[in-house]
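Fair warning: this is a prediction, and the values are worked out from it, not measured in the lab. In the text below, chain A, chain B and the rest are named by the order of the sequence lines, each starting its count at 1.
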Amino acid sequence: MKQNSMPELPEVQTVINTLEKQIKNKTIEDIKVFYPKIIDNAEPDYFVNSLKGESFREFKRRGKFLIFYLDNYILVTHLRMEGKFFVENLPLITKHTHLEFDLSGGKYLLYHDVRKFGRMYIYKIDEEIECIKKLGLEPFDERLDVSYLKEHFNNKTVKENLLDQSIIAGIGNIYANEILYYASVHPEREFSSLTDEELTKIIEGSRTILKRAIELGGTTIHSFQSAKGIDGRFQLECKVQNKEGSICDRCGSTVKKIRVAGRGTYYCPGCQK
DNA sequence: TTTTTTTCCTGACAGC
DNA sequence: TGCTGTCAGGAAAAAA
């Protein structure tokens with residue numbers, strides 16, 4: 001069984017919380033860029049020269065983006081599939097280490113990403129953060145309700161709509177599967193066919209599941225962060241994700257795996273209608 | 001303009 | 001053993 005670790009909203013929240021504890025107010029003394037393509041919206045020289053001398057002041061999350069407010073700049077990171085941050089006392093560089101931030105106090109912030117899918121963005125402190133501009137509502141935003149979903153849904157499947165960051169920000173493949181199981185909705189249902197009751201369940205499920213995952217992340221990260229770094233490998237106890245062939249504990253049917261919009265989709269054919 | 005397909009990456013794994 | 005091919009996937013670019 002393959003290890004799924006792509007960071008979604010709960011993992012990103014835990015990463016930003018953990019980094020805040022570890023590097024708040026530390027100053028960037030130097031940066032080494034080993035793989036420039038990680039930096040999306042600037043030349044490496046500009047990135048390095050701008051951030052040198054800056055200190056990490058505030059730590060935020062928007063969707064799956066990590067947002068670091070420094071003195072004069074904002075550093076934004078998307079971990080995509082396998083991006084990880086390590087805070088170390090030594091610059092432990094491997095072939096998958098793409099950026100090294102040398103921090104005050106003898107600490108090193110290392111960005112590690114096997115598949116090199118992650119991206120970093122730099123903005124001036126008073127500039128609009130372009131890469132998060134199109135994101136939809138946060139799952140916990142009070143404005144997220146049935147009428148908001150009805151306004152924004154399109155004719156694609158409910159799964160695709162849940163993954164659409166411009167509608168709700170922060171839900172990825174794993175949690176989309178779990179949320180639809182929670183709501184007893186088949187992932188291939190047309191979004192526009194959902195009843196108010198089902199939409200309500202989806203919103204409720206999103207909040208319940210993501211909240212629980214954040215709580216779990218907060219507790220589990222503590223035990224391994226010093227040894228393993230800060231990544232997204234703590235995960236909610238899943239009901240369907242990676243459970244193909246196992247028995248649904250709600251109805252006793254066998255969990256199936258299909259593909260929806262090119263993504264592995266697990267669901268229970270017995271209770272997800 | 002809108003929708004679909006391709007691209008980016010590497011490691012794990014299957015099959016020969 | 002070692003090679004080749006396929007798959008995993010978030011999001012944006014490229015193509016249709």
Side-chain angles (χ1 to χ4, degrees), chain A residues 1-13 15-16 33-42 44 61-67 76-86 93-99 110-123 129-139 152-180 187-188 190-192 206 210 213 228-229 231-233 235-236 238 240-245 255-267:
Chain A
M1 185 69 62
K2 205 163 184 178
Q3 173 76 30
N4 267 294
S5 66
M6 62 217 86
E8 302 185 27
L9 186 156
E11 289 77 22
V12 174
Q13 186 65 57
V15 170
I16 199 78
V33 180
F34 303 110
Y35 187 76
K37 283 177 79 174
I38 296 290
I39 305 166
D40 188 278
N41 73 337
R61 178 195 58 74
R62 178 78 172 93
K64 301 179 206 168
F65 289 85
L66 300 140
I67 308 178
V76 183
T77 301
H78 195 305
L79 302 171
R80 292 285 186 94
M81 306 301 297
E82 299 191 27
K84 299 172 175 63
F85 279 109
F86 297 85
I93 307 303
T94 73
K95 65 172 172 173
H96 299 306
T97 310
H98 308 312
L99 283 103
L110 305 168
Y111 180 73
H112 183 282
D113 190 343
V114 170
R115 274 187 248 186
K116 300 178 175 171
F117 273 14
R119 290 292 177 266
M120 295 206 186
Y121 308 81
I122 180 173
Y123 300 96
I129 305 174
E130 217 271 329
C131 64
I132 63 169
K133 209 168 67 178
K134 289 182 200 150
L135 294 179
L137 292 180
E138 290 288 321
H152 287 82
F153 65 43
N154 55 46
N155 59 1
K156 292 178 182 165
T157 63
V158 58
K159 172 92 186 264
E160 285 170 276
N161 277 277
L162 272 184
L163 292 174
D164 186 335
Q165 301 299 300
S166 72
I167 302 175
I168 306 176
I171 297 172
N173 193 43
I174 295 172
Y175 290 113
N177 291 337
E178 294 298 320
I179 289 164
L180 290 171
E188 286 180 304
E190 284 228 354
F191 202 35
S192 51
S206 303
L210 297 174
K228 290 285 206 173
D231 62 23
R233 287 188 297 115
Q235 210 111 73
L236 189 73
C238 291
V240 288
Q241 180 67 29
N242 277 338
K243 298 261 192 224
E244 185 182 18
V255 173
K256 275 186 74 175
K257 181 183 184 182
I258 55 173
R259 292 189 75 75
V260 179
R263 291 181 180 89
T265 300
Y266 299 84
Y267 76 105

Participant: Between A/Lys134 and C/dA11, is there a side-chain N or O to OP1/OP2 distance below 4.0 Å?
Facilitator: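 Answer no for this pair, as no side-chain N or O of A/Lys134 is under 4.0 Å from OP1 or OP2.
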Participant: Reckon A/Asn173 touches a base, only the sugar-phosphate, or nothing at all at heavy-atom distances under 4.0 Å?
Facilitator: sugar-phosphate
Participant: For DNA chain C, find the residues of residues 255-263 of chain A with a heavy-atom distance under 4.0 Å and give them by number; none if there aren't any.
Facilitator: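 Within this stretch, A/Lys257, A/Arg259, A/Arg263 sit under 4.0 Å of the strand.
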Participant: Does C/dA11 have OP1 or OP2 under 4.0 Å away from a side-chain N or O of A/His78?
Facilitator: yes
Participant: In chain order, what residues pass the ring-ring contact (aromatic ring centres under 6.0 Å, His included) check against A/His112, with sequence neighbours excluded?
Facilitator: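 Residues passing ring-ring contact (aromatic ring centres under 6.0 Å, His included) with A/His112: A/Phe86, A/His96.
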Participant: In Å, rounded to the nearest 0.5 Å, how long is the span from CZ of A/Phe85 to CG of A/Leu99?
Facilitator: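 With rounding to 0.5 Å, CZ (A/Phe85) is 8.0 Å from CG (A/Leu99).
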Participant: For the ring pair A/His98 and A/Phe34, is the centre-to-centre distance below 6.0 Å?
Facilitator: no
Participant: Calculate the interatomic distance between A/Asp113 atom CG and C/dA8 atom C1'; express it in whole Å.
Facilitator: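 Checked: the CG to C1' distance equals 14 Å.
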Participant: Restricting to non-hydrogen atoms, name the atom on A/Gly136 and the atom on A/Ala169 that form the minimum distance, rounded to 0.1 Å.
Facilitator: O-CB, 3.7 Å
Participant: Going by salt bridge (Lys or Arg N to Asp or Glu O under 4.0 Å), A/Arg61 matches just one of A/Glu8, A/Glu138, A/Glu11. Which one?
Facilitator: A/Glu138
Participant: Side chains of A/Glu244 and A/Tyr267 only: does a donor on one sit below 3.5 Å from an acceptor on the other?
Facilitator: no
Participant: Could you state the atom-to-atom distance from CG of A/Asn242 to P of C/dC7 in whole Å?
Facilitator: 17 Å
Participant: Rounded to whole Å, how long is the line connecting atom CG of A/Asn177 with atom P of C/dA8?
Facilitator: 13 Å
Participant: In whole Å, what is the span from the CG atom of A/Leu163 to the P atom of C/dG9?
Facilitator: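 After rounding, the gap between these two atoms is 10 Å.
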Participant: Ignoring hydrogens and geometry beyond distance, is a side-chain donor-acceptor pair present between A/Tyr111 and A/Asp113 at under 3.5 Å?
Facilitator: yes
Participant: Out of the candidates A/Lys159, A/Arg263, A/Gln241, only one should pair with A/Asn173 under the side-chain hydrogen bond (donor to acceptor under 3.5 Å, both in side chains) rule; please name it.
Facilitator: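 Going through A/Lys159, A/Arg263, A/Gln241 one by one, the side-chain hydrogen bond (donor to acceptor under 3.5 Å, both in side chains) with A/Asn173 is satisfied by A/Lys159 alone.
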Participant: Quick one: label A/Gly264 by what it contacts on the DNA or RNA (base, sugar-phosphate, nothing), any heavy atom closer than 4.0 Å.
Facilitator: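 The residue A/Gly264 makes sugar-phosphate contact but no base contact.
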Participant: Could you go through A/Val76 and A/Leu66, starting from their C-alpha distance and side-chain angles, then the distance that decides it, and tell me whether this counts as side-chain contact (heavy atoms from CB on, under 4.5 Å)?
Facilitator: CA-CA 6 Å; A/Val76 183; A/Leu66 300 140; over 6 Å; no
Participant: Under 3.5 Å, which protein N or O atoms sit close to an N or O of nucleotides 3-9 of chain B? Give each pair with its distance.
Facilitator:
unit_1: B/dC9; atom_1: OP1; unit_2: A/Tyr35; atom_2: OH; d: 2.5
unit_1: B/dC9; atom_1: OP1; unit_2: A/Lys37; atom_2: NZ; d: 2.5
unit_1: B/dC9; atom_1: OP2; unit_2: A/Lys37; atom_2: NZ; d: 3.2
unit_1: B/dC9; atom_1: O5'; unit_2: A/Tyr35; atom_2: OH; d: 3.4
unit_1: B/dC9; atom_1: O4'; unit_2: A/Arg115; atom_2: O; d: 3.4

Participant: What pairs with A/Glu160 under side-chain contact (heavy atoms from CB on, under 4.5 Å), at least two apart in sequence or on another chain?
Facilitator: A/Lys156, A/Thr157, A/Ala261
Participant: Rounded to the nearest Å, what distance is computed from the CG atom of residue A/Asp40 to the P atom of nucleotide C/dA12?
Facilitator: 9 Å
Participant: Hey, where does DNA chain B pair up into stems, meaning at least three consecutive Watson-Crick or G-U pairs with distances under 3.5 Å?
Facilitator: B:2-16 with C:2-16
Participant: Check whether any side-chain nitrogen or oxygen of A/His96 sits under 4.0 Å from OP1 or OP2 of B/dG11, and answer yes or no.
Facilitator: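 So the side-chain polar atoms of A/His96 do come within 4.0 Å of the phosphate oxygens OP1 or OP2 of B/dG11, strictly under.
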Participant: Below the 4.0 Å mark, does C/dG10 have OP1 or OP2 next to a side-chain nitrogen or oxygen of A/Gln165?
Facilitator: no
Participant: What integer distance in Å separates A/Glu244:CD from C/dA8:P?
Facilitator: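 It works out to 11 Å between those atoms.
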Participant: Could you tell me whether A/Lys116 and A/Glu82 make a salt bridge, using a distance below 4.0 angstrom between a side-chain N and a carboxylate O?
Facilitator: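 Salt bridge flag = no for A/Glu82 with A/Lys116.
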Participant: Once ring-ring contact (aromatic ring centres under 6.0 Å, His included) is applied, do any residues pair with A/Tyr123, and if so which ones, sequence neighbours excluded?
Facilitator: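 A/Tyr123 satisfies ring-ring contact (aromatic ring centres under 6.0 Å, His included) with no residue once adjacent residues are dropped.
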Participant: Counting only side-chain nitrogens and oxygens, does A/Lys64 get under 4.0 Å of the OP1 or OP2 atom of C/dG9?
Facilitator: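 Negative; the distance criterion is not met.
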Participant: Give the rounded distance in Å between these two atoms: NZ of A/Lys84 and P of B/dT10.
Facilitator: 15 Å
Participant: Whole-Å distance between C/dG10 P and A/Glu11 CD?
Facilitator: 12 Å
